[in-house]
Amino acid sequence: MKYPIKHITPKTAIEQQVEIARQLITSGMPEKIEIVAGVDMAYSQKPLTGFSAISLFTYPNLQYIKTYQEIDLIGYPYIPGLLSFREGPLIMDTLEKVEEDIDLFLFDGQGIAHPRGVGIASHLGFLLDKPSIGVGKTWLTGEYKEPGRQKGNKSDLLDASGNLIGHVLRTRSETNPVFVSPGHRIGIEEASEIVLNCTTSYRIPEPLRRADQKAEKYKNEGDI
DNA sequence: GCGACAG
DNA sequence: ATCTTGTCGC
């Protein structure tokens, strides 16, 4: 493992991010997308425990396939900019149980729309060498103008130098937009297109919405 | 030093 | 993320 993700000090984590950032591919459309996965986590306090959920859906028909889950103690603190070092370990463990060939990942959080250009979607997409997209529910970095109020409307998310790093996308009319940015092996325009294709009548794309529900239920009801 | 800060 | 009561609107 050239870039270990477990037990990494913040200093080393940042060094890894800088190195990974220049290797990310942020253009193009995956040649094949048949299975899309939504990845999310829920937590319970004392002792801080994480519950992961990876929900698989067919694409573009969005038929639910199944969900893989895992549980473990969380030792890493939440540090803005280093989210993937907190959630990544459990997510990677969960992925080891997956038998299907996932073509694209949707992560709850940012892709390249990150202080060093390596949000959780970029980091994990890079480690997996798979197409990935970051779908954040709130802002982390970048400047933008409020997009139109109707579903499908979007505006550019720019970094301090004015470079395009993602889109602020309205996935549901009259509702707060989501922050979409490429994780790895996909372009910005392509990422927004796929997020919209994965969205039905709710603000959050189906794979992520289902993973969120599954993680929450796992936290409250366990394996039962 | 001050303000900002995904989940 | 989690905690936590009521409230608004389809």
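Per chain, numbering begins at 1; letters A, B, ... match sequence-line order.
A salt bridge links A:R185 to A:D129: at least one charged side-chain nitrogen sits closer than 4.0 Å to a carboxylate oxygen. Under a 4.0 Å N-O distance rule, the pair A:K217/A:D212 does not qualify as a salt bridge.
The nearest whole Å value for the distance from the CG atom in A:L208 to the P atom in B:dG7 is 11 Å. In this structure, A:F107 atom CZ and B:dA6 atom P are separated by 18 Å, rounded to whole Å. Going from atom CD1 of A:I79 over to atom C1' of B:dA4 covers 16 Å, rounded to whole Å. Counting to the nearest Å, the P atom of C:dA1 and the CD1 atom of A:I120 are 12 Å from each other. In this structure, A:L140 atom CG and B:dC5 atom P are separated by 9 Å, rounded to whole Å. In this entry the distance linking CG of A:D40 with C1' of C:dT2 reads 13 Å, nearest Å. Rounded to whole Å, the distance from CG on A:L169 to P on B:dA6 is 20 Å. Spacing between atom OH of A:Y76 and atom P of B:dG7 amounts to 18 Å, rounded to whole angstrom units.
Nucleic acid contact class of A:E216 (heavy atoms, under 4.0 Å, all strands): sugar-phosphate only. A:Q110 comes within 4.0 angstrom of a base, heavy atoms only. If you check every strand for non-hydrogen atoms under 4.0 Å, A:G81 touches a base. Note on A:I74: nothing from the nucleic acid sits closer than 4.0 angstrom, heavy atoms only. Among the heavy atoms of the strands lying under 4.0 Å from A:A42 are primed sugar atoms or P, OP1, OP2 only; no base atom is included.
Considering only side-chain N and O atoms, A:K137 lies under 4.0 angstrom from the phosphate OP1 or OP2 of B:dG7. The shortest distance between the side-chain N/O atoms of A:Y43 and the OP1/OP2 oxygens of B:dG7 is not below 4.0 Å. For the OP1/OP2 pair of C:dA1 and a distance below 4.0 Å, the side-chain nitrogens and oxygens of A:K219 include no atom meeting the criterion. Under 4.0 angstrom from either OP1 or OP2 of B:dG7 there lies at least one side-chain N or O belonging to A:T138.
Counting only heavy atoms from C-beta on, A:Q45 has its side chain closest to C:dT2 among B:dA4, C:dT2, B:dG7.
Under the 3.5 Å distance criterion, the side-chain polar atoms of A:S173 are matched with a main-chain donor or acceptor of A:K151.
The side-chain ring of A:Y78 is stacked on the base of B:dG7, judged by centre separation under 5.5 angstrom and plane angle under 30 degrees.
By the neighbour-count criterion of 12 heavy atoms within 6.0 Å, atom OH of A:Y64 is densely surrounded, having more than that number from other residues, nucleotides or ligands. The environment of A:E146 atom CD is dense: over 12 non-hydrogen atoms of other residues, nucleotides or ligands sit within 6.0 angstrom.
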